[in-house]
S.K.: 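Okay, here's the structure, questions in a sec.
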Protein chains: 2
Amino acid sequence: MELTERKKKILRAIVDNYIQTAEPVGSKVLSAMPGMDCSSATIRNEMADLTQMGLLEQPHTSAGRVPSPAGYRLYVDELMQDYRLSVDETMSLNQAMELKMQEVDKVISQVSKMVSKMTNLPAMAMTAAANAPTVKRFDLILAGEGSFIVVIMTNSDVVKNRLVKLPVSCTEQDLKLLAAVLNASCTELPPEGFTPELLERVSRSAGAAGALVPIVLDYATHVLSQQSRSEVYVSGQMKLLGQPEYRDIDKAQEVLSSLDSETFSNLPATLADTAKTQILVGPENIAKELKDTSVVMTRFDIGDGMQGLIGVVGPTRMDYAQVTARLSYFAENLGRMFAKPELPPSQGDE
Amino acid sequence: MELTERKKKILRAIVDNYIQTAEPVGSKVLSAMPGMDCSSATIRNEMADLTQMGLLEQPHTSAGRVPSPAGYRLYVDELMQDYRLSVDETMSLNQAMELKMQEVDKVISQVSKMVSKMTNLPAMAMTAAANAPTVKRFDLILAGEGSFIVVIMTNSDVVKNRLVKLPVSCTEQDLKLLAAVLNASCTELPPEGFTPELLERVSRSAGAAGALVPIVLDYATHVLSQQSRSEVYVSGQMKLLGQPEYRDIDKAQEVLSSLDSETFSNLPATLADTAKTQILVGPENIAKELKDTSVVMTRFDIGDGMQGLIGVVGPTRMDYAQVTARLSYFAENLGRMFAKPELPPSQGDE
DNA sequence: ATTAGCACTCAGGATCAGCGAGTGCTAAAA
DNA sequence: TTTTAGCACTCGCTGATCCTGAGTGCTAAT
């Protein structure tokens, strides 16, 4: 069977309408739509064809039609009209973004909250390092009271620190020597590079502060692993409850229970995919519990080989066009924001 | 009317039973309970009295009785039997605690997750500084490439850092001088102490690096405000959906919508209250949306004049005894954990 | 003071009829 | 050949009705 222009038009109309109303749509309302120049009977015939082709489904005999997953797929790939952000929308998006970003330190978690707020759906935000992080620089500061501060700067200019009690007494000179040794031999190494042999070698050449080497390198390993591990934040789970398809608590619970960070942490593999924006419809989804939901995600660049991903989860019947538009816009501005080196949202530990 | 021993016994039995079953409890089941030595008719009379005293309620004429808020109040204040943690429970609590604490950096957020998990209810965790934080020590590290790292240590030994681009070129000597000046005149000051005059005075005496003073002090203000502001984390909101009283989505949504950090940020006022554990029943609650829920919270000490608060939110019909016991145990161990200086869960930026 | 007995109440479940939106098919019209 | 009007049919939803049973309050006997 062939997919004529008219069939496409009807399919699009059905999806659009269903997205709005969440009710099966029948032939009568379709024929009444502007731009539909044929009778309900004709449309019924076409709908029968579309159903046979697997693009539509019928909840029961005497109900209208609903898009099938395949129908949605076709819709998002070919039929969907671009959604243009209104001036109001861009303005409120911008405003939300500006305000929050300055004030708050946990960028990624904030981002996920904002995405959720602006799409009114559960949202996810994560980052992933493209290349293995290394230490660029060690600093050790004597902090009085028998303790010192380890300051570690990674190759992506993230700075982390930790306060450590001194197991042995130590002068500022000792620390300076140790820092020099560490900077000479332990920088630019992948986490696996911190071998016991290296550790021992460094300890020996570090003189009085040699005892501190394990502590410092332990912390370095910790920081590096923390950097390479991608952080995932999920926000606004409860937003799902607003959707009519989740009036049923059990359905809602099933989905909500798998809406945690872990579900998304398997995702990085697909992060580098070709398209900037990716839409997973129903059964194509990342977890079987999400088979009746869709996920829309968009990539953005952070710089230093880091990438970020923001996305939302919603019922298969969601406004893909709108969500995609908002997500893209947001991602774009995020990228721009991170690119500005003079106002880094979080350049350090906060 | 007088509250006889037998009336108390009956009330306790009703609350206990209702907590278990979530169903109104009738005279028949009560009279069948071990320890009840009177007939259902007698109990009916007593229940009528209790209802008149405002301790019980009747959903409808032909149903059993349900505790009223006042009934719960009396129950938690006088009637509740202490719940003893079983060996299994303490073990799994300990285990959960040990494991997670080492691995994870965001302590408070982790704590809230753990509390939620162990009570199977939405949980909240927060900290509050008892006294205003001050800076104890400044360090400035030249980091090559025209940038430097500000390291700030507060009076509670929390260390924070930020990487800043140098607006002017600067030698290590300049930074050292600046640090010395800052340490001499800007430590032990409350956030309000950073006046424009001070800023100018310091700038002048800092020589070549004077231009950096605003940047550093700005960051210091930021850190201090961040420290004094109490962080609130809420986890496991969806756990509410498991409770039978929230089978109705609309009810659930109403409560869930007010289960965010903001609701609890007004709380610190009551944090210093006398009792370690506090129970807010129904209408006594902190927000009107929570009038049909109860909150159980427990304080714990962090040291350095800091306090923490963990709590859970649940239906008024929750197992107060069990929740209280688990919460107290957890709080106690948290306090112990924070008290150990040699293994601080987070002593630094993480 | 307690208890057995009894009439009464009322939420919840099951059953059933009627409505109406929507369909598929057929036959006529374009 | 395609479109359309007409019509019989399907079936989920709504509301009405009835029934059941758990639970009560009251009264009279113990």
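Numbers restart at 1 for each chain; the letters A, B, ... are given by sequence-line order, proteins then strands.
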S.K.: Nearest-Å distance, CZ (A/Arg44) to C1' (D/dT4)?
M.R.: 10 Å
S.K.: Before accepting this row, confirm whether a basic side-chain N of the pair A/Arg73/A/Asp77 lies closer than 4.0 Å to the acidic partner's carboxylate O.
M.R.: yes
S.K.: Any Lys/Arg nitrogen of A/Arg317 or A/Asp292 sitting under 4.0 Å from an Asp/Glu carboxylate oxygen of the other?
M.R.: no
S.K.: We want to know whether B/Ser40 and B/Ser31 form a side-chain donor-acceptor pair, criterion being a heavy-atom distance below 3.5 angstrom.
M.R.: no
S.K.: So, A/Arg326 versus A/Thr119: side-chain donor-acceptor pair below 3.5 Å or not?
M.R.: no
S.K.: Contact class for B/Ala63 (heavy atom, under 4.0 Å): base, sugar-phosphate, or nothing?
M.R.: sugar-phosphate
S.K.: Testing the 3.5 Å rule here: is there a donor-acceptor pair between the side chains of B/Thr316 and B/Ser294?
M.R.: no
S.K.: Give a yes or no answer on whether the side chain of B/Lys9 reaches the backbone of B/Gly35 with a donor-acceptor pair at less than 3.5 Å.
M.R.: yes
S.K.: Near DNA chain D, which residues from residues 2-32 of chain A have a heavy atom under 4.0 Å away?
M.R.: A/Arg6
S.K.: Nearest 0.5 Å, please: how far is CG in B/Asp37 from CZ in B/Arg6?
M.R.: 9.5 Å
S.K.: Does B/Asn285 use its side chain to pair, donor to acceptor, with the backbone of B/Thr293 at less than 3.5 Å?
M.R.: yes
S.K.: Going by distance alone, is a donor N or O of one side chain under 3.5 Å from an acceptor N or O of the other, for A/Asn45 and A/Thr42?
M.R.: no
S.K.: Roughly, in whole Å, what's the span from CG in B/Asn45 to P in D/dA28?
M.R.: 15 Å
S.K.: Ignoring backbone atoms, test whether A/Thr42 places a side-chain nitrogen or oxygen under 4.0 Å from the OP1 or OP2 oxygen of D/dT4.
M.R.: yes
S.K.: Under 4.0 Å from any heavy atom of chain B: name the first and the last nucleotide of DNA chain C that qualifies, 5' to 3'.
M.R.: C/dT2 to C/dA11
S.K.: Do B/Asp260 and B/Val234 have side chains that approach each other closer than 4.5 Å (heavy atoms only, starting at C-beta)?
M.R.: no
S.K.: Is there a side-chain contact between B/Met238 and A/Leu259 in this structure, where contact means two heavy atoms from C-beta onward sitting under 4.5 Å apart?
M.R.: no
S.K.: Just verifying a value: how many Å separate B/Glu289 CD and B/Ser257 OG, rounded to the nearest 0.5 Å?
M.R.: 6.0 Å
S.K.: List, one per line, each side-chain donor-acceptor pair under 3.5 Å for residues 58-65 of chain A, sequence neighbours excluded.
M.R.:
| residue | atom | partner | partner atom | Å |
| --- | --- | --- | --- | --- |
| A/Gln58 | NE2 | A/Thr61 | O | 3.2 |
| A/Arg65 | NE | A/Thr51 | OG1 | 2.8 |
| A/Arg65 | NH2 | A/Thr51 | OG1 | 3.3 |

S.K.: Quick one: stems involving DNA chain C, counted as three or more successive Watson-Crick or G-U pairs, both distances short of 3.5 Å.
M.R.: C:1-30 with D:1-30
S.K.: Is A/Met33 atom CE crowded by more than 12 heavy atoms from other residues, nucleotides or ligands, each under 6.0 Å away?
M.R.: yes
S.K.: For B/Thr61 and for B/Ser40, find the nucleotide of DNA chain C with the closest heavy atom, then tell me which residue's nucleotide is more 5'.
M.R.: B/Ser40
S.K.: Atom NE2 of B/His60 and atom P of D/dG23: how far apart are they, to the nearest Å?
M.R.: 9 Å
S.K.: Go through residues 46-57 of chain A and report each residue with a non-hydrogen atom lying under 4.0 Å from DNA chain C, sorted by number.
M.R.: A/Met47
S.K.: Give each protein N/O atom lying under 3.5 Å from an N/O atom of nucleotides 17-21 of chain D, with the pair distance.
M.R.:
none

